[in-house]
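Have a look at the structure below before the remarks.
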Amino acid sequence: MAAASDLGFDPWDPAFLADPYPAYAELRAQGRVHWFEPTGQWLVPHHADVSALLRDRRLGRTYQHRFTHEEFGRTPPPPEHEPFHTLNDHGMLDLEPPDHTRIRRLVSKAFTPRTVERLKPYVRGLADELAAALVERGGGDLLKDVAEPLPVAVIAEMLGIPESDRAPLRPWSADICGMYELNPSQETAARAVRASVEFSDYLRELIAARRKEPGEDLVSGLIAAHDEGDRLTEQEMISTCVLLLNAGHEATVNATVNGWYALFRNPAQLERLRADHSLVPSAIEELMRYDTPLQLFERWVLEEIEIGGTTIPRGAEIALLFGSANHDPEVFADPGRLDLARADNPHISFSAGIHYCIGAPLARIELAASMEALLENAPTLRLATEPDRKPNFVIRGLEGLRVEVG
């Protein structure tokens with residue numbers, strides 16, 4: 001078993017961030033699990049292992065439902081980070097049953113197929129508006145002009161956040177999500193803490209207002225469920241709303257710009273899509289596989305496990321490499337090739353198991369709406385300048401994507 005650092009895995013190297021997929025191929029070729037000293041994690045690169053471990057109840061997103069930090073051999077987070085951890089640790093993504101089950105059941109009521117289907121006209125109408133405005137200007141930044149506004153508006157609409165209050169949502173989310181990168185800096189932590197406090201304070205006021213005057217929104221629904229005895233605490237409501245905003249748009253934003261950048265670099269596939277819009281559903285799945293917006297997902301080892309002859313002890317942390325799993329040739333024929341009509345595509349970009357993305361159906365509707373709107377409104381859309389990649393590894397995206405409309 002070779003160390004991951006010796007196989008080209010370096011999540012702080014710009015060359016690796018530009019294209020991590022060759023290093024992933026080396027990791028897969030050299031074994032099923034690799035130790036990465038800089039983060040103290042075991043990296044798992046194969047699709048079969050990642051998929052199985054996402055469903056393995058010996059692993060957890062948290063350990064605090066069973067162990068104290070000391071019992072688990074871990075150092076508690078610094079006290080000054082407490083606002084971030086309070087916010088993060090009460091969201092269902094970082095909870096295990098029974099709390100996860102209870103909160104997910106409540107939130108699922110907002111993500112029924114009927115509810116999501118009912119949003120389609122609103123999503124498509126907004127996507128058309130954004131695409132038409134981009135065309136009118138002759139181009140712009142696809143990230144800021146289309147990719148960001150669409151999912152943020154949709155989630156804010158679901159939560160019942162007034163349009164006048166939406167400007168800070170994306171900056172708050174970006175600052176909080178900075179903590180999900182590997183070994184975040186003190187400055188990153190300070191920004192995340194500040195955003196956690198400000199976002200929590202805002203939602204506390206919104207919840208108080210909805211208690212007085214309920215609406216048809218999700219916040220009102222969570223309050224009603226709480227009042228009916230489902231025991232959702234105010235902190236759980238706040239953390240759920242933040243999680244829905246963060247998870248509900250971060251991946252969609254990055255999937256949009258990563259996807260269009262991949263299309264611009266594969267002009268034959270883009271022309272194929274322009275000629276046949278019925279490819280949009282399979283194109284979305286393929287683009288999420290081809291350049292995965294969430295590259296890594298972490299799990300704690302609650303009970304000793306064995307992977308490929310290597311024993312991973314309780315208390316260890318495993319990093320499941322989604323980007324590598326989505327390029328595993330054992331599962332995907334010619335994985336480095338973009339094929340918008342790929343039929344067999346069991347990518348894991350939305351995770352799996354009990355933490356499978358609850359908003360996946362909505363994300364697919366948003367991605368389809370923006371892609372169709374751009375194909376129809378801007379059939380000559382082209383790349384204006386080469387984009388800069390964000391200096392992030394876990395959440396993979398671009399600083400912007402400048403485009404022109406001929």
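Quick note: residue numbers are just sequence positions, from 1. Quantities reported herein were computed from a predicted structural model and do not represent experimental measurements.
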From [atom1] ([X]) to [atom2] ([Y]), nearest 0.5 Å:
X: H100; Y: L93; atom1: NE2; atom2: CG; result: 7.5 Å
X: S324; Y: L43; atom1: OG; atom2: CG; result: 9.5 Å
X: Q269; Y: L279; atom1: CD; atom2: CG; result: 8.5 Å
X: L182; Y: F36; atom1: CG; atom2: CZ; result: 7.0 Å
X: E399; Y: K390; atom1: CD; atom2: NZ; result: 6.5 Å
X: D89; Y: E236; atom1: CG; atom2: CD; result: 12.0 Å

Would you call [X] and [Y] a salt bridge, using N to O less than 4.0 angstrom?
X: R265; Y: E386; result: no
X: R204; Y: E234; result: yes
X: R114; Y: E117; result: no
X: D145; Y: R137; result: yes
X: E71; Y: R66; result: no
X: R57; Y: E96; result: yes
X: R272; Y: D276; result: no
X: R210; Y: E205; result: no

Heavy-atom donor-acceptor pair, [X] side chain to [Y] backbone, under 3.5 Å:
X: R274; Y: P379; result: yes
X: D49; Y: I307; result: no
X: S349; Y: M288; result: yes
X: N266; Y: A262; result: yes
X: S282; Y: L340; result: yes
X: E286; Y: D339; result: yes
X: N88; Y: F84; result: no
X: H277; Y: E376; result: no
X: S220; Y: E216; result: no
X: H81; Y: V193; result: no

Given side chains that start at C-beta, do those of [X] and [Y] come closer than 4.5 Å, heavy atoms only?
X: Q295; Y: V394; answer: no
X: L87; Y: L243; answer: no
X: P391; Y: W12; answer: no
X: L203; Y: L159; answer: no
X: L375; Y: V280; answer: yes
X: V116; Y: M158; answer: no
X: L54; Y: V50; answer: yes
X: E250; Y: R170; answer: yes

Minimum heavy-atom distance [X]-[Y], with the two atoms named:
X: S239; Y: T86; answer: OG-O, 3.8 Å
X: P387; Y: G400; answer: CB-O, 3.2 Å
X: R74; Y: G315; answer: NH2-O, 2.9 Å
X: H47; Y: D328; answer: N-OD2, 3.0 Å
X: P162; Y: Y202; answer: CD-OH, 3.6 Å
X: C177; Y: I395; answer: CB-CD1, 3.8 Å

Next on the checklist: Quick check on E163: does its CD atom have over 12 non-hydrogen neighbours (other residues, nucleotides or ligands) under 6.0 Å away?
Outcome noted: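 No, not enclosed.
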Next on the checklist: Does E306 have more than 12 heavy atoms from other residues, nucleotides or ligands lying within 6.0 Å of its CD?
Outcome noted: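 Correct, the count exceeds 12.
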Item to check | Y24 versus N326, side-chain donor and acceptor atoms under 3.5 Å | outcome: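 Y24 and N326 do not have a side-chain donor-acceptor pair below 3.5 Å.
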Checklist entry - If you measure only the distance, is there a donor-acceptor pair under 3.5 Å linking the side chains of T101 and R105? => result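 There is no such pair between these side chains.
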Item to check | Cation-pi check, R342 onto Y290 ring (under 6.0 Å, within 45° of axis) | outcome: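 That pair does not qualify as a cation-pi contact.
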Next on the checklist: Set out, in order, the CA-CA distance, both residues' side-chain angles and the distance that settles side-chain hydrogen bond (donor to acceptor under 3.5 Å, both in side chains) for H327 and R28, then state yes or no.
Outcome noted: CA-CA 10 Å; H327 277 245; R28 291 191 303 270; over 6 Å; no
Item to check | Derivation and outcome, side-chain contact (heavy atoms from CB on, under 4.5 Å), residues R194 and V197 | outcome: CA-CA 5 Å; R194 184 171 60 249; V197 170; 5.9 Å; no
Checklist entry - Which is it for R166 and E157 under the side-chain contact (heavy atoms from CB on, under 4.5 Å) test, yes or no, and what are the steps along the way? => result CA-CA 10 Å; R166 293 177 186 177; E157 194 75 15; 2.9 Å; yes
Checklist entry - Taking the inter-plane angle between the rings of W300 and Y63 on a 0 to 90° scale, is it parallel (under 30°), tilted (30 to 60°) or perpendicular (over 60°)? => result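 Ring orientation of W300 relative to Y63: perpendicular.
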Checklist entry - Relative to the ring of W260, is the ring of F264 parallel (under 30°), tilted (30 to 60°) or perpendicular (over 60°)? => result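 Aromatic pair F264/W260 classed tilted.
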Item to check | Partner set under salt bridge (charged side-chain N to carboxylate O under 4.0 Å, His left out) for E26, not counting sequence neighbours | outcome: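 Residues passing salt bridge (charged side-chain N to carboxylate O under 4.0 Å, His left out) with E26: none at all.
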Checklist entry - Name the one of E372, E366, E129 that satisfies salt bridge (charged side-chain N to carboxylate O under 4.0 Å, His left out) with R124? => result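 Running salt bridge (charged side-chain N to carboxylate O under 4.0 Å, His left out) over E372, E366, E129 with R124 returns exactly one hit, E372.
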Item to check | Evaluation steps, side-chain contact (heavy atoms from CB on, under 4.5 Å), between F322 and H347 | outcome: CA-CA 9 Å; F322 282 16; H347 69 78; over 6 Å; no
Checklist entry - Name the one of V123, L130, D128 that satisfies side-chain contact (heavy atoms from CB on, under 4.5 Å) with L126? => result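 The option that passes is L130.
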Item to check | Residue pair F297, H355: steps toward the ring-ring contact (aromatic ring centres under 6.0 Å, His included) verdict | outcome: CA-CA 11 Å; F297 212 54; H355 289 291; 7.3 Å; no
Item to check | Audit row: I305, L53, side-chain contact (heavy atoms from CB on, under 4.5 Å) steps and yes/no | outcome: CA-CA 10 Å; I305 62 170; L53 291 170; 4.0 Å; yes
Next on the checklist: As a quick check of understanding, evaluate ring-ring contact (aromatic ring centres under 6.0 Å, His included) for F9 and F393, giving each step before the final call.
Outcome noted: CA-CA 11 Å; F9 183 85; F393 165 60; 5.6 Å; yes
